[in-house]
Amino acid sequence: NIIAVAGPFLILLSSLITILISSKEKKFTEISIFNKALFIISIWFFFSTTVHPWYICLPVAVSIFTQYKYALVWSYVTTLSYYAYQSVPVKENLWLVALSYLIVAGYVFWELRNTNK
């Protein structure tokens, strides 16, 4: 059971990244608070073992207050997860899951690189 093995490690990793993001800047502004919230929520979902498509509503809502729009891309890409429901019993296609996360991660890196210029 890979979830039983990977789950605790992923929780620890996301917790450490959350602490790093939270402690990086001491001066808080409205923009920095929303940016941090968006990244912390995103990290939590990126390292979660189960993410249902409707979970992405929270990062989308927070992203409205930031310059980052990768959560919108993520909300579109989550529709690929419904491919699993074409068979009975439900069988997740891990290639599609990997593709969707690669698309989102690629867009995050592209956006971070272009936003900080």
Side-chain angles (χ1 to χ4, degrees):
N1 183 359
I2 194 165
I3 292 176
V5 174
F9 172 73
L10 293 173
I11 289 170
L12 178 64
L13 184 61
S14 63
S15 298
L16 291 174
I17 294 171
T18 297
I19 291 168
L20 181 69
I21 291 171
S22 299
S23 63
K24 187 176 179 186
E25 184 180 333
K26 299 299 178 196
K27 182 182 174 189
F28 292 105
T29 63
E30 288 179 14
I31 292 174
S32 71
I33 289 173
F34 284 112
N35 285 344
K36 286 177 189 255
L38 178 63
F39 289 124
I40 289 169
I41 293 164
S42 298
I43 291 297
W44 182 258
F45 287 148
F46 276 136
F47 293 119
S48 292
T49 56
T50 304
V51 179
H52 295 288
W54 54 88
Y55 291 3
I56 307 307
C57 292
L58 183 58
V60 169
V62 174
S63 74
I64 292 169
F65 303 103
T66 72
Q67 69 271 27
Y68 301 106
K69 302 305 173 205
Y70 67 85
L72 294 174
V73 172
W74 199 355
S75 71
Y76 289 119
V77 171
T78 59
T79 59
L80 292 174
S81 68
Y82 288 107
Y83 179 80
Y85 296 103
Q86 77 173 3
S87 62
V88 176
V90 173
K91 183 164 178 10
E92 193 74 48
N93 183 337
L94 296 180
W95 288 106
L96 279 179
V97 172
L99 176 65
S100 65
Y101 276 91
L102 283 173
I103 290 169
V104 174
Y107 194 82
V108 168
F109 288 121
W110 177 84
E111 200 167 34
L112 285 172
R113 200 178 100 205
N114 290 325
T115 302
N116 292 331
K117 285 185 178 180

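All values reported here derive from a predicted model rather than from experimental measurement. Heavy-atom basis, side chains included; hydrogens, waters and symmetry copies ignored.
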Just checking Lys91: does its NZ atom have more than 12 heavy atoms from other residues, nucleotides or ligands closer to it than 6.0 angstrom? no

Check whether any side-chain N or O of Ser63 sits under 3.5 Å from a backbone N or O of Val60 as a donor-acceptor pair, and report yes or no. yes

Aromatic contact between Phe46 and Trp74, with the criterion being ring centroids under 6.0 Å apart: yes or no? yes

Check whether Phe9 and Phe47 end up in the same hydrophobic cluster, where Ile, Leu, Val, Met, Phe, Trp and Tyr are linked by side-chain heavy atoms less than 4.5 Å apart. yes

Minimal non-hydrogen separation, Glu92 against Val97, with atom names: OE2-CG2, 3.3 Å

Between atom CZ of Phe39 and atom CD1 of Ile21, what is the distance when rounded to the nearest 0.5 Å? 7.5 Å

So do Ser48 and Leu10 actually touch side chain to side chain, heavy atoms under 4.5 Å? no

Verify same cluster id: Ile43, Trp110 (apolar side-chain graph, 4.5 Å): yes

Where do Asn93 and Tyr83 come nearest, in terms of heavy atoms and distance? ND2-CE2, 3.7 Å

To the nearest 0.5 Å, tell me how far Trp95 CH2 sits from Leu102 CG. 10.0 Å

Restricting to non-hydrogen atoms, name the atom on Ser22 and the atom on Ile40 that form the minimum distance, rounded to 0.1 Å. OG-CD1, 3.6 Å

To the nearest 0.5 Å, atom CG of Leu16 lies from atom CG of Leu12 at 4.5 Å

Could you measure the distance from the CD1 atom of Ile41 to the CG atom of Leu58? Nearest 0.5 Å is fine. 4.0 Å

Which atom of Gln67 lies closest to which atom of Glu111, heavy atoms considered: O-OE2, 3.8 Å

Give, for atom CG of Leu20 and atom OG of Ser15, the distance between the pair rounded to the nearest 0.5 Å. 12.5 Å

If you group Ile, Leu, Val, Met, Phe, Trp and Tyr by side-chain heavy-atom gaps below 4.5 Å, do Leu94 and Val5 land in one group? no

For Tyr68 and Thr115: C-alpha separation, side-chain torsions, deciding distance, then whether side chain to side chain contact (heavy atoms under 4.5 Å, CB included) applies. CA-CA 8 Å; Tyr68 301 106; Thr115 302; 3.8 Å; yes

Do Ser42 and Tyr70 pair up side chain to side chain, a donor and an acceptor below 3.5 Å, judged on atom types alone? yes

Here the pair of heavy atoms bringing Tyr101 nearest to Phe45 is OH-O, 3.9 Å

Within 6.0 angstrom of Tyr76 OH, more than 12 heavy atoms from elsewhere: no

Do the side chains of Val73 and Phe65 join up, straight or via other hydrophobic residues, at under 4.5 Å, putting them in one cluster? yes

Distance-minimising heavy-atom pair for Leu80 and Ser100: CD1-CB, 4.1 Å

Spatial distance of atom CD1 (Ile64) from atom CZ (Phe34) [nearest 0.5 Å]: 10.0 Å

Linking I/L/V/M/F/W/Y whenever their side-chain heavy atoms sit closer than 4.5 Å, directly or via other members, would Leu13 and Trp44 fall into one cluster? yes

